[in-house]
Amino acid sequence: MKSLFTVFFLFVLQLFSAQEDVYANGVFGFEENKGQKIFSNWTRVRQEPKVDAQIVDSLQTNQQILILQKDENILKLGERRSNWYKISYQKGEQTAEGYIWGGNLCVGYRNKNGYDFLFGLSKTETKKDKASGENFKQNIASIKVLEGNTLIDEVFFETGQGEELSYGTFTIESNHKLQNVELTLKAMVSGEACGIASYDQYVLFKDKKLITLPKLTNVGDADVYYHSESFVFPNDKGGIPNAFIFKMEEMEKDEKDREKKKHSSKTYLWDGNSYKLK
C-alpha cells in the first residue's frame, strides 16, 4: 500500500511539473495576419509546429514574414517561452509557408535613415548571484542594426524573464543633443502586475556603432513602495551639455503609513564618442 501511495505521489508531482511554466512570454504574442521580421539568423522553418519536425527552410535576420496563425504548442528554450506560428514569406518569386518558433522573431523593429534596427531576445546565459553564490538563468537581449541584409553592429544586454516579459516596446528617439549621436534607441520589457519590474535599455547610434547606456529598472507595488530610475539628457529640463544624469528615487511606507523616500543621482560625461562617470 505504501509503495502504491509513493507511485501515486510521484505521478501527481510529475503531472504538476509538466504543467509548470507552460505559458508563453507576452513579448512573443504576435498578431495573426500581421507582418513581422526574423530576429535570429538562420531561423529554421519546420513542416509542423514542433522542434523535431522536418526542417523545410531557414530564414536570415531581417527577413519579412507574415503571421498566418498562432499554434497552441509552446516551446521553452532557456528562459524564453513562445508559441509556434504558421507563417508565409517570399522565396524568390514564390510564396512559401511553414512553422517557426516565436522566440526567433523580433520583439520590435524600426527603420530610420536607411538602417533597420531590430530588438529581440537572443539567448539565455547562466549567471552567479553575488549575494548567494547560486547560479541562475538570465535572458540576454540584443539590438541589431542592418544596412540591407548586412549586419553593421549588435549589442547585448540583460533583460527580464518570466512575468517580467509580459510585453515589450522598441522606439527611436532623437539624439537628445548628445554630440555626434545620430539617434537614440529605447528597448523596454515589462510585467503587467504590481511588484513586477520593467527594464529600459537606451542605446546610442553613432558612426554605424551602437553604444549601450546603463540599464534602468522600475518597479512598484500600488502606493506601498516604488523604485524609479531615469536619465536626464541635455535636451531635458535640468539637463546639462555633453552629459546625461542618472536619477534614482525610492519610496516605502512604514507600519504607520508614513512615506520614507530616498534620492540619488550621478552624472555621466559624454565626449562625443564614449561616456564615463564624472
Side-chain angles (χ1 to χ4, degrees), residues 22-51 53 55-77 79-123 139 141-149 151 154 159-173 183 185-192 198-201 203:
V22 295
Y23 63 89
N25 301 126
V27 293
F28 301 129
F30 304 110
E31 293 185 46
E32 296 178 355
N33 300 311
K34 288 289 183 70
Q36 247 297 335
K37 283 196 172 187
I38 298 295
F39 184 73
S40 302
N41 206 20
W42 302 113
T43 288
R44 292 171 176 173
V45 182
R46 297 185 182 272
Q47 197 170 53
E48 297 178 57
K50 53 186 180 180
V51 73
I55 299 170
V56 296
D57 205 350
S58 60
L59 303 178
Q60 296 184 47
T61 298
N62 209 27
Q63 167 78 46
Q64 185 77 44
I65 58 102
L66 177 68
I67 301 289
L68 297 178
Q69 185 179 17
K70 181 173 77 171
D71 190 85
E72 292 307 310
N73 287 323
I74 295 172
L75 172 65
K76 177 184 176 183
L77 290 180
E79 289 300 305
R80 297 171 293 162
R81 305 173 184 87
S82 175
N83 295 82
W84 289 84
Y85 289 89
K86 186 177 183 180
I87 66 163
S88 69
Y89 58 97
Q90 287 301 119
K91 186 174 183 181
E93 297 181 356
Q94 303 296 319
T95 299
E97 293 185 359
Y99 289 89
I100 62 172
W101 182 57
N104 288 326
L105 293 172
C106 293
V107 174
Y109 57 92
R110 292 287 185 268
N111 178 275
K112 183 79 171 180
N113 300 341
Y115 298 102
D116 287 312
F117 300 95
L118 313 179
F119 165 48
L121 272 66
S122 299
K123 54 190 174 181
N139 276 328
S142 74
I143 290 175
K144 303 177 182 182
V145 54
L146 294 97
E147 194 170 16
N149 292 322
L151 180 65
E154 181 176 11
T159 192
Q161 53 202 68
E163 293 180 273
E164 297 168 344
L165 295 178
S166 294
Y167 65 94
T169 61
F170 187 49
T171 56
I172 293 180
E173 300 183 356
L183 53 85
L185 303 161
K186 181 184 178 183
M188 184 276 291
V189 296
S190 178
E192 294 179 334
S198 65
Y199 303 97
D200 295 336
Q201 181 63 61
V203 177

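Residue numbers run from 1 in the order of the sequence given.
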Is there side-chain contact between N25 and L121, with heavy atoms separated by less than 4.5 Å?
-> no

With a cut-off of 6.0 Å (strictly less than), are more than 12 heavy atoms of other residues, nucleotides or ligands near CD of E163?
-> no

Any V189 side-chain heavy atom under 4.5 Å of N139 side chain | no

To the nearest 0.5 Å, tell me how far T159 OG1 sits from Y199 OH.
-> 7.5 Å

D57 and Y89 side chains, donor-acceptor separation under 3.5 Å | yes

Scanning both residues in full, the closest heavy-atom pair of F39 with G120 reads CE1-N, 3.3 Å

Looking at residues at least two apart in the chain, or sitting in another chain, which of them share a ring-ring contact (aromatic ring centres under 6.0 Å, His included) with Y109?
-> none

Which atoms form the tightest heavy-atom contact between C106 and F30, and what is the distance?
-> O-CE2, 3.3 Å

Contact summary for S142 and S122, nearest pair of heavy atoms | OG-OG, 2.8 Å

Main-chain N/O of G29 paired with N83 side-chain donor or acceptor, under 3.5 Å = no

To the nearest 0.5 Å, atom OG1 of T43 lies from atom NZ of K37 at 14.0 Å

Euclidean distance, Q64 CD relative to L59 CG, rounded to 0.5 Å = 11.5 Å

Report the distance from atom NZ of K186 to atom OG1 of T171, rounding to the nearest 0.5 Å.
-> 6.0 Å

Would E97 and K86 pass as an ion pair if we require N to O under 4.0 Å?
-> yes

Hey, could you give me the CG/OG distance between L165 and S198, rounded to the nearest 0.5 Å?
-> 11.5 Å

Donor-acceptor under 3.5 Å (N41 side chain, T61 main chain) | yes

Are E79 and R81 close enough that some pair of their side-chain heavy atoms sits under 4.5 Å apart?
-> yes

CZ of R110: more than 12 outside heavy atoms within 6.0 angstrom?
-> yes

Note, I143 side chain near L118 side chain (heavy atom, < 4.5 Å) = no

Compare all side-chain heavy atoms of Q36 with those of Y85 and state whether any distance is below 4.5 angstrom.
-> no

Are the side chain of E164 and the backbone N or O of Q161 linked by a donor-acceptor pair below 3.5 Å?
-> yes

D116 and N111: side-chain hydrogen bond (donor to acceptor under 3.5 Å, both in side chains), yes or no, with the steps?
-> CA-CA 5 Å; D116 287 312; N111 178 275; 2.8 Å; yes

Without hydrogens or angle criteria, can the side chains of T95 and Q90 be said to hold a donor-acceptor pair below 3.5 Å?
-> yes

Within 6.0 Å of CG in N113, more than 12 heavy atoms from elsewhere | yes

For side chain to side chain contact (heavy atoms under 4.5 Å, CB included), just list the numbers for Y99 and Q47, CA-CA rounded to whole Å, side-chain angles, deciding distance to a tenth of an Å, and then say yes or no.
-> CA-CA 6 Å; Y99 289 89; Q47 197 170 53; over 6 Å; no

How close do A96 and K91 get, heavy atom to heavy atom, and via which atoms?
-> CB-CB, 4.4 Å

Compare all side-chain heavy atoms of I38 with those of L105 and state whether any distance is below 4.5 angstrom.
-> yes

Approximate separation, where rounding is to 0.5 Å, of Y115 OH and L185 CG | 12.5 Å

Is K144 atom NZ crowded by more than 12 heavy atoms from other residues, nucleotides or ligands, each under 6.0 Å away?
-> yes

Provide the closest heavy-atom pair for K70 versus E32 in the form atom of the first, atom of the second, distance.
-> N-OE2, 2.9 Å

Can you check whether W101 reaches F28 side chain to side chain, under 4.5 Å on heavy atoms?
-> no

Pairing residues for L66 by the side chain to side chain contact (heavy atoms under 4.5 Å, CB included) criterion, not counting sequence neighbours = L68, S88

Heavy-atom side-chain proximity of V203 to F117 below 4.5 angstrom | no

In terms of heavy-atom contacts, R44 and I55 come closest through CD-CD1, 3.6 Å

